[in-house]
Novice: 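Just passing along the structure, written as structure tokens.
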Amino acid sequence: MKRSPRGRLFKIYKKLFALYGPQGWWPGRSRLEIIVGAILTQNTAWTNVEKAIKSLKEAGALTSPACINSMRRDKLARLIRPAGYYNVKASRLKNFFDLLHKSYKGNIAGMGKAPTEELRRDLIQVNGIGPETCDSILLYAFNRPVFVVDAYTKRIFSRHKLCGRDAEYGIVQNLFMRNLPHSVRIYNEYHALIVRLAKEFCRTKPRCAACPLRSLSRAAIVCA
DNA sequence: GACCAGGCACATC
DNA sequence: GATGTGCATGGT
């Protein structure tokens, strides 16, 4: 008998959790650091983001939102250089802090009190914050039950025939949010586990045979 | 040296 | 609405 999407999503989650355990995401100490990391990691390896965050910390830029807000864009770009796209990302960070300053009096804790819909509307309007970055901030910085969809999610779950390879962000997000409980803990862990799996098994073809999800989907070519 | 990485905005058709 | 392109570093 064919298993429902709900059953399959749960089964994959359980398999990954049993294999890897809790991932302890997001790898950032404060809300500020999580938000900055979410913007810096756009299309960029996390190892490069770590270098940029280290450099920001050493410059004292992550002690409060006011630090980056008052910093010159070119100085900020220099500090985040290892994360790549440094001119674009410096502007994007500035744009976020502009929102924070103008709409939330520069107060991240205050921002955290806003209703999810209001927060999402504000974040998504920031130039440089798209759906994934927005939802990463909502889930990991503000603990809102929002599922984060990234390129790995589409790659893996399209191979399991649960969504299309080029499905729109909202379509894939709905797949998870319709079929899983609206739980911060589960959404947090599931996304982190997907990244963990993808990093280990989805980059190179020879590793495909060892992919832990291989047995869960007969039709899917899981990692090729 | 080529390819890829936890996107996004913008131009063009 | 769909597709192509620029943005850039560092690891494999």
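None of these values were measured; they are calculated from a predicted model. Lettering follows sequence order; numbering is per chain, from 1.
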Novice: Report the nucleotide, chosen from dT9(C), dA5(B), dC7(C), that has the shortest atom-to-atom distance to any side-chain atom of R155(A).
Specialist: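 Per side-chain heavy atoms of R155(A), the pick is dA5(B).
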Novice: Work out how far the P atom of dA8(C) is from that of dC10(B), and round it to whole angstrom.
Specialist: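 It works out to 15 Å between them.
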Novice: Categorize R81(A) for me: base, sugar-phosphate, or nothing, with a 4.0 angstrom heavy-atom threshold over every strand shown.
Specialist: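 The residue R81(A) makes sugar-phosphate contact but no base contact.
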Novice: How would you label the contact of K51(A) with the nucleic acid (heavy atoms, under 4.0 Å): base, sugar-phosphate, or nothing?
Specialist: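 The residue K51(A) makes sugar-phosphate contact but no base contact.
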Novice: Measure from CD1 on I80(A) to P on dG10(C) and round the result to the nearest Å.
Specialist: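 One finds 12 Å between P of dG10(C) and CD1 of I80(A), rounded.
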Novice: Rounded to the Å, how far apart are Y85(A) OH and dC4(B) P?
Specialist: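 So the OH-P distance, Y85(A) to dC4(B), works out to 13 Å.
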Novice: Once the angle between the rings of H191(A) and Y140(A) is folded into 0 to 90°, is it parallel (under 30°), tilted (30 to 60°) or perpendicular (over 60°)?
Specialist: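 Tilted, since the angle between the ring planes falls between 30° and 60°.
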Novice: Rounded to the nearest Å, what distance is computed from the CD atom of residue E168(A) to the P atom of nucleotide dG1(C)?
Specialist: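 Taking atom P of dG1(C) as the reference, CD of E168(A) is at 9 Å.
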Novice: Does atom CZ of R72(A) have more than 12 heavy-atom neighbours, drawn from other residues, nucleotides or ligands, at distances under 6.0 Å?
Specialist: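 Not buried by this count: 12 neighbours or fewer within 6.0 Å.
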Novice: Rounding to an integer number of Å, can you tell me how far K89(A) NZ sits from dC7(C) C1'?
Specialist: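 After rounding, the reported distance stands at 9 Å.
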Novice: Relative to the ring of Y190(A), is the ring of Y13(A) parallel (under 30°), tilted (30 to 60°) or perpendicular (over 60°)?
Specialist: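 Ring orientation, 0 to 90° scale: tilted.
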Novice: State whether the number of non-hydrogen atoms from other residues, nucleotides or ligands found under 6.0 Å of K57(A) atom NZ is greater than 12.
Specialist: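 Correct, the count exceeds 12.
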Novice: Distance check, C1' atoms only: dT3(C) and dA5(B), in whole angstrom units.
Specialist: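 Taking atom C1' in both dT3(C) and dA5(B), they lie 22 Å apart.
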Novice: Determine the contact category for N48(A): base if any of its heavy atoms lies under 4.0 Å from a base atom, sugar-phosphate if only primed atoms, P, OP1 or OP2 are that close, otherwise nothing.
Specialist: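 Result for N48(A) = base.
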Novice: Between P on dG7(B) and CH2 on W46(A), what's the gap in Å once rounded to a whole number?
Specialist: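 After rounding, the reported distance stands at 12 Å.
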Novice: Pick the closest DNA chain B nucleotide for A45(A) and for Y169(A) by heavy atoms, then say which residue is nearer the 5' end.
Specialist: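 Comparing both residues, the 5'-ward one is A45(A).
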Novice: Using the ring of each side chain (for Trp, its six-membered ring), is Y187(A) parallel, tilted or perpendicular to H182(A), with breaks at 30° and 60°?
Specialist: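 Correct class here is tilted.
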Novice: Are K154(A) and D166(A) ion-paired here, with the side-chain N under 4.0 Å from a carboxylate O?
Specialist: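 Here K154(A) does not pair with D166(A) in a salt bridge, since their nearest N and O are not under 4.0 Å apart.
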Novice: In whole angstrom, give the distance that lies between atom CG of N43(A) and atom C1' of dT5(C).
Specialist: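 Computing the N43(A):CG to dT5(C):C1' distance gives 13 Å.
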Novice: Within this structure, what is the CD1-to-C1' distance between I53(A) and dT9(C), rounded to whole angstrom?
Specialist: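 Taking atom C1' of dT9(C) as the reference, CD1 of I53(A) is at 15 Å.
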Novice: Of L99(A), I137(A), D122(A), which meets side chain to side chain contact (heavy atoms under 4.5 Å, CB included) against M111(A)?
Specialist: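 Among L99(A), I137(A), D122(A), the one that satisfies the side chain to side chain contact (heavy atoms under 4.5 Å, CB included) with M111(A) is L99(A).
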Novice: As a test of reading the structure: which of dG11(C), dC8(B), dA5(B) is closest to the side chain of R92(A), going by heavy atoms?
Specialist: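 Of the candidates, dC8(B) comes closest.
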Novice: Please report, rounded to the nearest Å, how far the P atom of dT3(C) is from the CZ atom of R165(A).
Specialist: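 Atom-to-atom, R165(A) to dT3(C), this comes out as 14 Å.
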Novice: Could you identify which residues of residues 120-136 of chain A place a heavy atom less than 4.0 Å from some atom of DNA chain B, listed by residue number, or say none?
Specialist: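 Hits under 4.0 Å, by residue number: V126(A), N127(A), G128(A), I129(A), G130(A), P131(A), E132(A), T133(A).
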